S.K.: 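Following this message is one structure expressed as structure tokens.
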2 protein chains.
Amino acid sequence: MPVRIAELSRRSGVPVPTIKYYLREGLLPAGELTSPNQARYSDVHVHRLRLVRAMVELGGLSIAAVREVLGALDDPEKSLHKAMGTVSAAVAPPDSGSEDEVAHEQARAFVERQGWVYRPRSYAHTALVGVLTTAREVGHERFVETLDVLADAARPLAEVDLAYVLSAGSKDEALEGVVVGTVLGDAAMAAVRAMVRRELSGQLDDAEESRSGSDGNDTDPERGES
Amino acid sequence: MPVRIAELSRRSGVPVPTIKYYLREGLLPAGELTSPNQARYSDVHVHRLRLVRAMVELGGLSIAAVREVLGALDDPEKSLHKAMGTVSAAVAPPDSGSEDEVAHEQARAFVERQGWVYRPRSYAHTALVGVLTTAREVGHERFVETLDVLADAARPLAEVDLAYVLSAGSKDEALEGVVVGTVLGDAAMAAVRAMVRRELSGQLDDAEESRSGSDGNDTDPERGES
DNA sequence: CTCACATGGATAGCAGCACTTTCTACTATC
DNA sequence: GATAGTAGAAAGTGCTGCTATCCATGTGAG
């Protein structure tokens, strides 16, 4: 069922010019040319297109980052954890540059405490050092103390991620699972975390308000204000 | 120790033109005018500036989103969980629009299963529905099954967040704790999660490679390739 | 006192990014 | 053989986050 670009656009929900743009940028493989100016696109293209949109819209990745990730995905030599590295690099915020000696040491101690391999040059590690540096800069030295809780929470998550990936039939599927698990996983985690936070803080506030009898306007605190 | 703009720039590491820009955009309160064209800035400004940079660089927030968050921070009426709502709205990816009926139902069922209050209009909920919709679009229907694990993991995190916030001395500090906890917390979580993932997948790969005796190039998989 | 230099405030400009529009062939089809 | 669709390239657009320039005013070292 190879189709032309207009149909590809319809199926994927992506405008034709944007598809052309993605083709130019190498996010989408060229269609099969049936003549110098006529090409056919397949389901692979539809799928790839959706993946790209997921990374761009949900993951907030730049086009360059998406290209990087897809490159890793398409590389037949790429191992699972190399692909993971590439993906987390793409998802991570661009290197802020400022790094603090103390933050470095805090990160090292944390990694050691967790019994992990110390990889100071990994993207994740750099990102963590950046976070710790910033935390110190804004005067939240105690932030570092929450790291171990994060690690404990992250462990089962990583296990699920991995199980999810390993349950894939083919290697291609597994690699895509890495992408989906990371991008969607991080987004879902942020959302769920916010929900739990609100749930807890709501209980607290309720208790507090019933004590203080404040003029609680009881509208849903979660309406959009845009 | 009020200082002039040049010194403020030095202390915060933010260029003078950028400070002026932030002043114009209302991210930074005006300095105390000692004359029509002479103002003094205090430590408050240094601190605020660092907070802004943290949100922009680490959190990836837009200037408009930062203004929104700071507005909530400065509002003396704002309750804790309202502030949280504002912050998670700012951190969340801009609404992608496409929503799927099934995803909606999955989210509702999830919330119910967790025993939470169903707030379909909250930003977090919308974000979650967006993620689930996307997951289905890219053919990862099973992604939804991982949600409960996320929730279990998120619970202790939220407790830590809350404890962190409540340990603050003043209300201002508490509100700032919300911001720091969310922005830095999400960034840290992503980093830690990536580290755990790599740790686990590394073990797996090692096992796999010793079986298959692959031509493992044994370089650190986590070097930058930029 | 005075004059180089800094400041505030405003406006304009710039670079990058993610598209979008416009153009020119050409082709397949009705 | 009109008509609609397509490829491919290039230029244009709109937005964002700064940056540069101006200039009238003020400050402070000598």
Side-chain angles (χ1 to χ4, degrees), chain A residues 2-42 45 49 51-70 90 93-97 226, chain B residues 2-42 45 49 51-70 90 93-97 226:
Chain A
V3 297
R4 300 192 293 184
I5 201 170
E7 177 67 11
L8 176 60
S9 168
R10 261 197 349 87
R11 291 197 191 176
S12 62
V14 179
V16 172
T18 305
I19 296 177
K20 287 189 173 190
Y21 170 62
Y22 289 168
L23 284 166
R24 272 202 307 285
E25 295 298 320
L27 307 190
L28 204 58
E32 183 199 353
L33 278 179
T34 62
S35 75
N37 62 336
Q38 203 74 189
R40 295 281 136 102
Y41 303 92
S42 68
H45 292 93
L49 224 28
L51 195 61
V52 169
R53 297 306 287 184
M55 286 193 267
V56 168
E57 287 178 0
L58 264 177
L61 303 210
S62 69
I63 263 63
V66 171
R67 183 171 37 229
E68 201 73 30
V69 170
L70 292 178
D95 212 346
S96 65
S226 62
Chain B
V3 295
R4 300 193 292 183
I5 203 171
E7 177 67 10
L8 176 60
S9 167
R10 260 197 351 87
R11 290 196 192 178
S12 61
V14 180
V16 172
T18 306
I19 295 178
K20 286 190 174 187
Y21 170 62
Y22 288 166
L23 284 167
R24 274 199 309 282
E25 295 298 320
L27 306 191
L28 205 57
E32 184 200 351
L33 278 179
T34 62
S35 75
N37 62 336
Q38 205 72 191
R40 296 280 134 105
Y41 303 92
S42 68
H45 293 92
L49 222 29
L51 195 62
V52 169
R53 297 306 288 182
M55 286 193 268
V56 168
E57 287 179 1
L58 264 176
L61 304 208
S62 70
I63 263 63
V66 171
R67 183 172 35 231
E68 200 72 30
V69 170
L70 292 178
D95 214 345
S96 66
S226 61

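Note that the structure is predicted; figures quoted are calculated from it, not measured. Here is the naming used below: chain letters follow the sequence lines, and residue numbers restart at 1 for every chain.
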S.K.: I'd like to know whether V3(B) forms a side-chain contact (heavy atoms from CB on, under 4.5 Å) with H45(B), so could you lay out the CA-CA distance, the side-chain angles of the two residues, the decisive distance to 0.1 Å, and finally the verdict.
M.R.: CA-CA 10 Å; V3(B) 295; H45(B) 293 92; over 6 Å; no
S.K.: What is the nucleic acid contact for A64(B), judged by heavy atoms within less than 4.0 Å: base, sugar-phosphate only, or nothing?
M.R.: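 No contact.
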S.K.: Would you indicate whether the side-chain heavy atoms of P17(A) and I19(A) approach each other to under 4.5 Å?
M.R.: no
S.K.: Is E7(A) salt-bridged to R4(A), cutoff N-O under 4.0 Å?
M.R.: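 Here E7(A) does not pair with R4(A) in a salt bridge, since their nearest N and O are not under 4.0 Å apart.
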S.K.: Count the heavy atoms belonging to other residues, nucleotides or ligands that lie under 6.0 Å from CD of E32(A), then report whether that count exceeds 12.
M.R.: no
S.K.: Rounded to the nearest angstrom, tell me the gap between atom OH in Y22(A) and atom C1' in dC17(C).
M.R.: 12 Å
S.K.: Please give, in whole Å, the distance from dC17(C) P to E57(A) CD?
M.R.: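 Whole-Å distance recorded here is 19 Å.
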S.K.: Which whole-number value in Å describes the distance from E25(B) CD to dT11(C) P?
M.R.: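 Rounded to the whole Å, the gap is 13 Å.
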S.K.: Toward the 5' end of DNA chain D, which comes first, V56(B) or I5(A), by nearest nucleotide?
M.R.: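 Here I5(A) is the residue nearer the 5' end.
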S.K.: Tell me: CD1 of I19(A) to C1' of dT20(C), nearest whole Å?
M.R.: 14 Å
S.K.: Do R40(A) side-chain atoms and T34(A) backbone N/O form a donor-acceptor pair below 3.5 Å?
M.R.: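 Pair absent, no side-chain N/O of R40(A) close to backbone of T34(A).
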S.K.: Indicate yes or no: at least one non-hydrogen side-chain atom of K20(A) is less than 4.5 angstrom from one of I5(A).
M.R.: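 They are in contact (side-chain heavy atoms under 4.5 Å apart), so the answer is yes.
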S.K.: Take the protein atom NZ of K20(B) and the nucleotide atom C1' of dA10(C), then report the distance between them rounded to whole Å.
M.R.: 9 Å
S.K.: Given side-chain contact (heavy atoms from CB on, under 4.5 Å), test L49(B) with R11(B) step by step and report yes or no.
M.R.: CA-CA 10 Å; L49(B) 222 29; R11(B) 290 196 192 178; over 6 Å; no
S.K.: Between atom CG in L8(B) and atom P in dA6(C), what is the gap in whole Å?
M.R.: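 The distance from CG of L8(B) to P of dA6(C) comes to 16 Å, rounded to the nearest Å.
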S.K.: For L23(A) and dT20(C), what is the distance between atoms CG and P respectively, to the nearest whole Å?
M.R.: 15 Å
S.K.: Reading DNA chain D from 5' to 3', where do the contacts with chain B start and stop? Cut-off is 4.0 Å to heavy atoms.
M.R.: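 That gives a stretch of dG17(D) to dT27(D).
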S.K.: Mind checking if A39(A) touches a base, just sugar-phosphate, or nothing, with heavy atoms under 4.0 Å?
M.R.: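 The answer is sugar-phosphate, as A39(A) gets under 4.0 Å only of primed atoms, P, OP1 or OP2.
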S.K.: Can you check the Y21(B) OH to dT7(C) P distance for me, whole Å?
M.R.: 22 Å
S.K.: For a 4.5 angstrom cut-off between non-hydrogen side-chain atoms, does Y22(A) reach R53(A)?
M.R.: yes
S.K.: Tell me what R67(A) touches on the nucleic acid: a base, only sugar-phosphate, or nothing, going by heavy atoms under 4.0 Å.
M.R.: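 The answer is nothing, as R67(A) stays clear of every strand by at least 4.0 Å.
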S.K.: Can you build the contact string for nucleotides 24-30 of chain C? Use B for base contact, S for sugar-phosphate-only contact, and - for no protein heavy atom under 4.0 Å.
M.R.: --BSS--
S.K.: Can I63(B) and Y21(B) be said to form a side-chain contact (heavy atoms from CB on, under 4.5 Å), step by step?
M.R.: CA-CA 10 Å; I63(B) 263 63; Y21(B) 170 62; 4.0 Å; yes
